[in-house]
Amino acid sequence: MLQIFSLPDYSLLFWPTAALALIILGMGKSGFGGGLGILAVPLMSISISPIDAAALLLPLLLIMDVFSIRYYHSRYDAHTLWILLPAAAVGVGLGGLLFRQFSSDERLLRMGIGYIGIAFVLIQIMRSVVLGKLQAYRMPDWVGRIIGVIAGFTSTLVHAGGPPANIYILPQQLPRDIYVGTTVVLWTIVNLIKLIPYSILGLWQIGDLSTILLLGPFCYLGVQLGLWANGRISEKLFSHVVYMLLFLTGLQLIVGQNLLGLLLNWG
C-alpha cells in the first residue's frame, strides 16, 4: 500500500510546471473550447520523460472531462461529432500502433514536440495575419474525416488533437457555448477511447496514482477558472499568453537544459 502511494523521483521543477499546465489546460477546455492541450506535454516534458508526461496526463484529462461535461453535455453540434468522432477513433488506433516507434528515442521525441509547439504558434500567427478570411470557409465532410484521423493520432501521442480538429470546427462559426460543448464532448469520448491503447502499452506505473491525486485539484481549479473566464476574459489575450509560453517551451525542448544558461550568458 505504501509503495502504491509513494511519489516518483521527479525533479522539483516538475510540480510547478505540471500545475501550470493543468490550470491552463482546464481553462482552455471549459472556457475557450480546447485546442490548448498542445502546451501540456511540452511544458511537463521539460522536467520528465515525454512518455511519462503523456501517460500522466490522460487520467488528469479525464478528471477535467468529468468536471467540464456536467456543464456542456447537452450543448453540442451533433453533425460535427458524427464527422470527427469515428475518424478520431481510427486515429487513436493508429497512434497506439505507432506509439513505441515515436517514443523509442526520448531526446528526439523532446525535440519533435518542441518543433511541433513552435510550428503551431507560427501557424496561428499566419492564420490570424494572412489567412483570416479563410476562417469562414466551411470544410467538406470528407476533409473533416481526414482531419479527425489526424486529430486522434496526435491526441494519442501528445494529447494535441485540438489544433487539427479546430481546422474543421472553427469555420462552422458555431455559437460559443455550442463550440465549447462540442469540443468537450468530442475529447471526453476520445480520451476514454485512448485508455485502451495506453493500457495495452502498459504506460502507467506504480506511483502514478499518488501523482494523479496530488495534481487532481489543479484540474478542478483550471476548469472552474475556465467557466468563470468564459465571456469575461478575451479569448485572444488568453491565447496569446499561452502561445508565447508554448513558443518558449518549444525552444527549451529543442535547445535542451542549456537554454537558461544561454539566455544568461547572452544578457
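Along the sequence shown, residues are numbered consecutively beginning with 1. Computed over heavy atoms, backbone and side chain alike; hydrogens, waters and symmetry mates excluded.
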Next on the checklist: Determine whether Asp141 and His79 satisfy the following criterion, side chain to side chain contact (heavy atoms under 4.5 Å, CB included), listing intermediate values before the conclusion.
Outcome noted: CA-CA 10 Å; Asp141 289 347; His79 178 77; 3.2 Å; yes
Checklist entry - Could you go step by step and tell me if Tyr71 and Val180 meet the side chain to side chain contact (heavy atoms under 4.5 Å, CB included) rule? => result CA-CA 10 Å; Tyr71 296 91; Val180 176; over 6 Å; no
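Remark: Phe67 engages Tyr220 in a ring pair (Phe, Tyr, Trp, His ring centres under 6.0 Å) (not counting sequence neighbours). Judged as a ring pair (Phe, Tyr, Trp, His ring centres under 6.0 Å), and not counting sequence neighbours, Phe218 has no contacts.
The CE atom of Met27 lies 10.0 Å from the CG atom of Leu227; values are rounded to the nearest 0.5 Å. Atoms CG and NZ, from Leu157 and Lys194 in turn, are 9.5 Å apart once rounded to the nearest 0.5 Å. Rounded to the nearest 0.5 Å, atoms OG1 (Thr188) and CD1 (Ile193) are 11.0 Å apart. Rounded to the nearest 0.5 angstrom, Leu203 CG and Tyr198 OH are separated by 6.5 Å. Once rounded to the nearest 0.5 Å, the distance linking CG of Leu12 with OG of Ser47 reads 10.0 Å. With rounding to the nearest 0.5 angstrom, the CG atom of Leu215 is 6.5 Å from the CE atom of Met44.
When every heavy atom of Leu13 is checked against every heavy atom of Thr17, the shortest pair comes out as O-OG1, 2.9 Å. Of all heavy-atom pairs spanning Pro140 and Tyr168, the tightest one is O-CE1, 4.0 Å. For Thr154 against Ala151, the heavy-atom pair with the smallest separation is OG1-O, 3.2 Å. Annotation for Thr156 and Gly91: closest pair OG1-O, 4.2 Å, computed over non-hydrogen atoms. Residue Gly96 comes nearest to Pro197 through the heavy atom pair CA-CB, 3.9 Å, listed as atom of the first residue, atom of the second, then distance.
Here the side chains of Arg145 and Val90 are not in contact, with every heavy-atom distance at 4.5 Å or above. Between Ile169 and Leu84 the shortest side-chain heavy-atom distance falls below 4.5 Å. Thr211 is listed as a side-chain neighbour of Phe14, based on a closest heavy-atom distance under 4.5 Å.
Taken together through direct or relayed side-chain contacts under 4.5 Å among Ile, Leu, Val, Met, Phe, Trp and Tyr, Leu97 and Val92 form parts of separate hydrophobic clusters. Residue Leu94 is grouped with residue Ile146 when hydrophobic side chains (ILVMFWY) are merged at heavy-atom distances under 4.5 angstrom, including chains of intermediate members. Hydrophobic clustering of Ile, Leu, Val, Met, Phe, Trp and Tyr side chains at less than 4.5 Å, counting indirect connections, keeps Ile189 apart from Ile196. Both Ile212 and Leu214 are assigned to one and the same hydrophobic cluster, defined by single-linkage of ILVMFWY side chains at heavy-atom distances under 4.5 Å.
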Between side-chain atoms of residues 54-66 and protein atoms elsewhere (two or more places apart, or another chain), which donor-acceptor pairs fall under 3.5 Å?
unit_1: Asp65; atom_1: OD1; unit_2: Lys29; atom_2: NZ; d: 2.9
unit_1: Asp65; atom_1: OD2; unit_2: Asn191; atom_2: ND2; d: 2.9

